[in-house]
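Order of appearance sets the numbers: ligands from 1, and atoms from 1 within every ligand.
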Amino acid sequence: MDVRDAVASRYSCRAFLPTPVPLPTVRDILDRAARAPSGGNLQPWRVDALAGPRLEALKSLIRPRHGALPHGEGAEYAAYPSPLNEPYRTRRFAVGAALHHAVGIARMDRPARLAQFARNFELFGAPVGLFVSVDRSLGPPQWADLGAFIQTVMLLARAYGLHTCPQEAWTLWHRTVSEFLKLPETHMLFCAIALGHADEAAPVNSWRSEREPLDGFASFSGFEDLPP
Ligand SMILES: Cc1cc2nc3c(=O)[nH]c(=O)nc-3n(C[C@H](O)[C@H](O)[C@H](O)COP(=O)(O)O)c2cc1C
């Protein structure tokens with residue numbers, strides 16, 4: 001698959017088929033993703049991959065508790081600054097509205113919105129969960145490296161016909177996840193990546209998020225003086 005097709009066809013998939021993903025595929029994706037660049041070649045990523053009964057065991061620790069605790073154990077890091085200024089606030093609102101519209105959830109229907117949010121902790125039905133953590137001693141540049149790694153994982157998944165959803169929502173259950181994975185105290189859970197085969201027929205997968213036009217975020221100068 002051409003890298004342009006991988007980029008264009010990736011989206012945050014929020015309904016997966018139960019079809020398993022074999023271990024060699026998961027290993028190959030992660031092995032290749034480690035070619036992602038990182039400042040000073042620190043390679044600050046740690047990944048714990050779960051499938052089958054182990055993944056089910058983790059989900060069943062959270063499932064009975066999430067209804068009463070929609071904020072879980074409390075996020076370990078702020079996913080967004082507060083307040084979230086423009087234009088970011090509007091973009092965040094728009095993507096939430098588009099998601100809820102796709103699944104027929106009315107704006108004021110808080111219980112339905114919470115139920116949709118809780119699907120995060122089922123990994124949207126994905127057969128594999130990649131739990132990505134980072135050494136606490138590292139800072140914003142290494143978290144940026146983590147982003148490059150995560151996107152590389154997601155693009156490599158496309159080469160296998162697989163889809164993904166990065167999920168920072170899992171920080172709400174960071175204690176349970178860290179204990180379950182026996183993460184060293186030195187490490188903080190950043191996110192999970194749901195990995196599997198998309199349920200293409202699911203309404204939640206039927207829409208695509210918007211992007212600002214190129215000239216809204218990039219400027220170009222000097223090119224007009226170059227020889228053709
Ligand atoms: C680091 C990161 C964390 C995210 N966390 C969640 C999440 O917890 N739940 C979710 O449904 N989507 C999550 N997303 C998906 C974003 O909402 C999505 O990337 C954005 O709206 C753009 O849509 P697209 O990925 O379909 O292009 C996350 C994305 C990133 C990059």
Side-chain angles (χ1 to χ4, degrees), residues 3-16 33 36 44-47 58-59 62 66 69-81 84 87-103 105 112-126 128-134 138 140-158 162-174 176-177 188-196 198-200 202-214 216-217:
V3 68
R4 286 168 295 195
D5 296 330
V7 171
S9 63
R10 185 215 59 81
Y11 67 95
S12 291
C13 175
R14 297 186 178 91
F16 291 85
W45 39 80
R46 174 187 162 125
V47 182
L58 174 60
K59 290 197 286 189
I62 295 170
H66 190 69
L69 284 176
H71 299 291
E73 297 157 333
E76 199 172 14
Y77 63 89
Y80 307 101
L84 184 61
Y88 313 109
R89 189 170 176 275
T90 296
R91 290 178 188 164
R92 188 183 176 202
F93 181 85
V95 82
L99 191 160
H100 292 135
H101 179 74
V103 291
I105 296 176
R113 285 199 345 244
L114 287 178
Q116 173 59 38
F117 182 68
R119 297 283 307 143
N120 271 288
F121 307 107
E122 298 292 337
L123 279 159
F124 304 115
V128 175
L130 306 174
F131 292 84
V132 181
S133 56
V134 62
L138 301 176
Q142 289 76 42
W143 283 58
D145 296 338
L146 222 52
F149 173 78
I150 290 166
Q151 172 73 337
T152 307
V153 167
M154 298 195 294
L155 296 183
L156 286 163
R158 292 303 304 123
L162 298 170
H163 279 282
T164 51
C165 187
Q167 296 178 264
E168 60 204 356
W170 281 86
T171 186
L172 295 181
W173 290 101
H174 63 94
T176 299
V177 175
M188 181 194 293
L189 179 71
F190 171 42
C191 70
I193 307 173
L195 172 71
D199 179 353
E200 309 278 3
V204 74
N205 286 337
S206 66
W207 61 284
R208 294 295 175 268
S209 56
E210 293 182 355
R211 293 294 187 273
E212 290 302 303
L214 172 63
F217 67 86

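Assignment of Gln151 to the shell around ligand 1 is not supported, since no heavy atom sits closer than 4.0 Å. Heavy-atom separations between Phe124 and ligand 1 include at least one value shorter than 4.0 Å. Between Gln116 and ligand 1 there is no heavy-atom distance shorter than 4.0 Å. The shortest heavy-atom distance from Trp170 to ligand 1 is not under 4.0 Å.
Taking the six-membered ring for Trp and thresholds of 30 and 60 degrees, Tyr77 and Trp143 have ring planes more than 60 degrees apart, a perpendicular arrangement. In this structure, Phe117 and His66 have tilted ring planes: the angle between them lies in the 30° to 60° band.
Listed by number with element, the atoms of ligand 1 under 4.0 Å from a non-hydrogen atom of Val95 are 21 (O). Here is the list of ligand 1 atoms found below 4.0 Å of a heavy atom in Tyr11: 26 (O). Using a 4.0 Å cut-off to heavy atoms of Arg14, the atoms of ligand 1 that qualify are 10 (C), 11 (O), 12 (N), 15 (C), 16 (C), 17 (O). Below 4.0 Å from some heavy atom of Arg211 lie the following atoms of ligand 1, by number and element: 22 (C), 24 (P), 27 (O). Proximity to Ala169 (heavy-atom distance under 4.0 Å) selects the following atoms of ligand 1: 8 (O). Annotation for ligand 1: atoms under 4.0 Å from non-hydrogen atoms of Asn120 are 7 (C), 8 (O), 9 (N), 10 (C), 11 (O). Residue-ligand proximity, Phe190 to ligand 1, at heavy-atom distances under 4.0 Å covers atoms 1 (C).
For atom 20 (C) of ligand 1, no protein non-hydrogen atom is found at a distance below 4.0 Å.
When only non-hydrogen protein atoms are considered, atom 22 (C) of ligand 1 lies nearest to Ser209 OG, 3.4 Å. Scanning the protein for heavy atoms near atom 15 (C) of ligand 1, the closest one is Ser12 OG, 3.3 Å.
The aromatic ring centres of Phe16 and His163 sit 6.0 Å or more apart.
Proximity annotation for atom 28 (C) of ligand 1: of Cys191, Pro166, Ala98, Pro166 comes nearest, heavy atoms only. Closest heavy-atom approach to atom 3 (C) of ligand 1 within the set Glu168, Glu210, Arg91, Arg92: this belongs to Glu168.
Within 6.0 Å of CZ on Arg4 lie no more than 12 heavy atoms contributed by other residues, nucleotides or ligands.
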